[in-house]
2 protein chains.
Amino acid sequence: MPQIALQPLDDGTVRHRVVQLLTRHIVDGNFAPGQRLTEQQLASSLNVSRGPLREAIRELAETGLLVSKPYKGLYVRSVTHKDLEELYSLRTALEIFAFERCWSHRTEAAKDDLRSRSDVLKRTIDEGLDGQQAIELELRLHNWCYELSDHRLLQKNWEGMRSNVNFYFSLHQRAHDRKGPLRQSHDLYVELACGDSLPKMLEHLKDHMRQGFETTLDALTNRLPA
Amino acid sequence: MPQIALQPLDDGTVRHRVVQLLTRHIVDGNFAPGQRLTEQQLASSLNVSRGPLREAIRELAETGLLVSKPYKGLYVRSVTHKDLEELYSLRTALEIFAFERCWSHRTEAAKDDLRSRSDVLKRTIDEGLDGQQAIELELRLHNWCYELSDHRLLQKNWEGMRSNVNFYFSLHQRAHDRKGPLRQSHDLYVELACGDSLPKMLEHLKDHMRQGFETTLDALTNRLPA
DNA sequence: TGCGATTTGTCCGTATGTATT
DNA sequence: TAATACATACGGACAAATCGC
């Protein structure tokens with residue numbers, strides 16, 4: 001059972017730091033999916049008291065990264081075919097809604113911003129050094145439409161899904177021994193997102209998501225049978 | 001400042017009871033929107049200690065019913081034009097997705113179930129006794145497509161929005177001195193939901209939601225200027 | 001500006017309830 | 001059945017931050 005090293009710095013409340021740390025540890029795969037965690041271990045490993053730890057656990061349980069069963073225990077989210085399918089399908093619906101919402105807000109500056117995010121992502125993939133960094137940059141690319149949609153509730157929902165998507169991306173990556181997502185898979189996404197046809201963009205978005213779902217599913221069923 | 005009377009029974013953890021109680025009190029309007037709450041008042045009113053109370057607060061803050069600002073305070077969610085618009089627009093997107101998902105799962109038994117929910121709702125509206133009960137039955141009517149969609153993540157998201165929708169419905173109702181939603185406004189919804197054309201259903205769904213948004217907005221801007 | 005009061009955030013000790021062995 | 005481990009809950013105490021005067 002891997003122990004956690006508490007990152008000393010970071011600011012804000014203890015609760016907030018614990019949320020950030022546990023999120024990163026779960027996403028990075030330092031815990032096995034479905035693994036049971038006990039408050040005592042976490043509290044001593046993180047060097048915090050049970051109070052703010054339990055509050056952080058409630059937040060993570062709401063986003064789905066942790067599953068808390070009363071009087072039974074605390075578990076890292078498990079990996080199933082159905083969970084993955086639900087995550088991708090709902091994410092597709094949300095991102096379609098985000099593009100419908102942001103379509104008329106796309107200024108030239110915003111389009112440059114998106115292209116910039118794509119460039120940074122591709123550079124990081126080419127370097128091939130830090131896979132997790134590449135994943136975060138890919139999520140930042142997809143974040144564009146949510147930010148531009150000017151819809152706080154939508155953004156909040158996406159933020160809640162984001163760490164779960166990151167969780168599965170990291171699993172996929174470790175299963176394939178790859179460093180980050182495929183390089184060319186977002187060129188058409190960016191081109192259509194900056195283009196003139198919303199229907200074409202949405203159609204590509206569905207394909208893009210379906211392909212991501214299938215490749216991730218392949219990786220998990222072949223190498224990590226849940 | 002209204003005091004809370006603790007319902008004595010209910011089972012489960014204290015945290016869960018507090019979540020249920022506070023949700024009901026906020027939705028029912030026993031607190032004013034934007035009102036500040038202090039932990040001590042809540043703890044003594046509910047007769048619980050601060051530990052589980054604070055955990056319950058984290059859950060409610062995740063759903064948006066409460067807003068917690070570190071070291072500053074705890075506030076009941078406020079009422080704004082933008083919040084209402086975001087709630088209705090995202091809800092529309094989710095319910096469209098739910099109908100796309102459930103469309104092929106609609107057995108005859110499921111259709112009968114939906115009609116039964118509509119009948120119960122209309123009977124309760126006709127009685128005109130309990131407005132909150134009518135609201136919950138309307139939400140139960142809309143719950144149908146989510147249950148049938150066989151999508152736990154979607155259901156979880158909808159559950160999170162549901163209490164917020166309930167919150168605004170109750171505000172609307174009190175502003176109009178009405179007991180429950182309009183009687184006939186769901187007949188077409190049910191008919192199309194049991195019909196053969198998904199596009200027609202989705203088109204009506206958008207109209208249905210837009211109308212609900214506008215009437216609620218009217219009620220709030222005229223009588224409760226935020 | 002500073003000072004005191006209030007409130008949130010945090011820690012600890014302890015007791016109780018629940019599940020599992 | 002008993003015993004152990006753990007989650008849950010309570011209460012007191014103090015630190016940290018905010019607000020009002």
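A, B, ... follow the sequence lines: proteins, then strands. Residue 1 opens every chain.
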ask   = Atom OH of Y71(B) to atom C1' of dT7(C): distance rounded to whole Å?
value = 11 Å
inquiry  = Just the rounded figure in Å: distance from C1' of dT8(C) to CG of L66(B).
reply    = 15 Å
task = Could you label the plane-to-plane angle of the W158(B) and Y146(B) rings as parallel, tilted or perpendicular, counting under 30° as parallel and over 60° as perpendicular?
result = parallel
query = Counting side-chain heavy atoms from CB outward, which of dA9(D), dT8(C), dC11(C) is closest to P52(A)?
reply = dC11(C)
request  = Using only side-chain N and O atoms of R54(A), determine if any of them is under 4.0 Å from OP1 or OP2 of dA7(D).
outcome  = no
ask   = Do R117(A) and D113(A) meet the salt-bridge criterion of a basic N to acidic O distance under 4.0 Å?
value = yes
ask   = Is any NZ, NE, NH1 or NH2 atom of the basic residue among K82(B) and E86(B) found under 4.0 Å from an Asp or Glu carboxylate oxygen of the other?
value = yes
request  = Grab the CG-P distance between L74(B) and dC19(D) for me, whole Å please.
outcome  = 15 Å
note = Closest to the 5' end of DNA chain C, once P70(A) and P70(B) are matched to their nearest nucleotides, is P70(B)
remark   = Here the distance between atom C1' of dC11(C) and atom CG of L46(A), to the nearest Å, is 15 Å
ask   = If only side-chain N and O atoms of K69(A) are considered, is one of them under 4.0 Å from the OP1 or OP2 phosphate oxygen of dA19(C)?
value = no
For atom CG of L53(A) and atom C1' of dT10(C), their distance in whole Å = 12 Å
request  = Check the distance between dT8(C)'s P and Q40(B)'s CD and give it to me in whole angstrom.
outcome  = 8 Å
ask   = Is there a donor N/O on one and an acceptor N/O on the other, under 3.5 Å, for the side chain of R50(A) and the base of dT14(C)?
value = yes
key: Nucleotide dG17(C), atom P - distance to CZ of R17(B) in whole Å   = 13 Å
ask   = Between dT8(D), dC10(D), dC6(D), which one does the side chain of R36(A) approach most closely?
value = dC6(D)
query = Got a donor-acceptor contact below 3.5 angstrom from the H105(B) side chain to the L148(B) backbone?
reply = yes
query = With respect to the phosphate group of dC6(D), does any side-chain polar atom (N or O) of K72(A) fall under 4.0 Å of OP1 or OP2?
reply = no
request  = Decide, yes or no, whether a salt bridge links E62(B) with K156(B) under the criterion of side-chain N to carboxylate O below 4.0 Å.
outcome  = no
query = Which part of the nucleic acid, if any, lies within reach of E39(B) when heavy atoms closer than 4.0 Å are counted: base, sugar-phosphate only, or nothing?
reply = sugar-phosphate
note = Considering only heavy side-chain atoms of V48(B), the closest of dT8(D), dT10(C), dC10(D) is dC10(D)
